[in-house]
Amino acid sequence: MQTRTTLPVIISLFLLAAITTTIQGQSWRSSPWEFQAGVGSANYFGDIGGTAHEDNWYGVRDLDLFRSRLTGKAGVRYNHSQYFSFSGHAALGWLSGCDSGGRNETRGYVFNTIFFEPGARAEFYPFRDILGRRGLDRRGMVRNYATVSTYVWAGMGAIVYGVIPNDALEARRERDNIDHG
């Protein structure tokens, strides 16, 4: 089972290394656009699966590394002015859950889910660079110490998903007339 889980991770790391581009430092200061990309993992903390007993260390025992699945995210941010920014992103990922080893092991439910999550948000910076000390030092080098910025944001997003259940979960879905997706 471990080789089936390891292979997607190796392929993902290879693809990430293959599409990596050269990035020039400090070029972001001359452009209002920021591009984001990332990869991560998704874990399901729900009724399917779960620990066999109540003492689960605040959910830590619900983490099943063999059921962790790959996610990816890409986004763009436009800095309109010193006080306003707008951003959008899209995430794609997979979730998986299994009752084996959990408190409901006798049910035998297993599922896989593919999800897509688009989102957008606007940011307002009423106080930018509080405690910031910028300037030039004696050698003419730019001095940029850590700053503190506060911001308020509002946004919206959605999630679209499709559940792929095993036979036991499909029978429950049909029996209780549950529609997913």
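- Atom CH2 of W94 sits about 8.5 Å away from atom CZ of F115, to the nearest 0.5 Å.
- Using a cut-off of 4.0 Å between Lys/Arg side-chain N and Asp/Glu carboxylate O, R172 and E174 are scored as not salt-bridged.
- Distance check, rounded to the nearest 0.5 Å: CD of E123 to CG of N79 gives 8.0 Å.
- Side chains of H80 and F86 form a contact here, defined as non-hydrogen atoms less than 4.5 Å apart.
- The shortest heavy-atom contact between T71 and S41 is OG1-N, 3.7 Å.
- For the atom pair CD1 (I114) and OG (S96), the distance works out to 11.0 Å, reported to the nearest 0.5 Å.
- Of the residues F124, Y78, Y125, the one that meets the side chain to side chain contact (heavy atoms under 4.5 Å, CB included) test with S85 is Y125.
- Annotation: the span from Q36 atom CD to R77 atom CZ amounts to 7.5 Å, rounded to 0.5 Å.
- Contact detail for A168 and G108: the closest heavy-atom pair is CB-O, 4.0 Å.
- Both I159 and L95 are assigned to one and the same hydrophobic cluster, defined by single-linkage of ILVMFWY side chains at heavy-atom distances under 4.5 Å.
- Note on L169: it clusters hydrophobically with Y161, by side-chain heavy-atom contacts below 4.5 Å among ILVMFWY residues.
- Residues forming a ring pair (Phe, Tyr, Trp, His ring centres under 6.0 Å) with F111 (at least two apart in sequence, or on another chain): Y44.
- Checked against salt bridge (charged side-chain N to carboxylate O under 4.0 Å, His left out), E117 has no partners two or more places apart in sequence or in another chain.
- With sequence neighbours excluded, the residues satisfying salt bridge (charged side-chain N to carboxylate O under 4.0 Å, His left out) with R107 are D47, D99.
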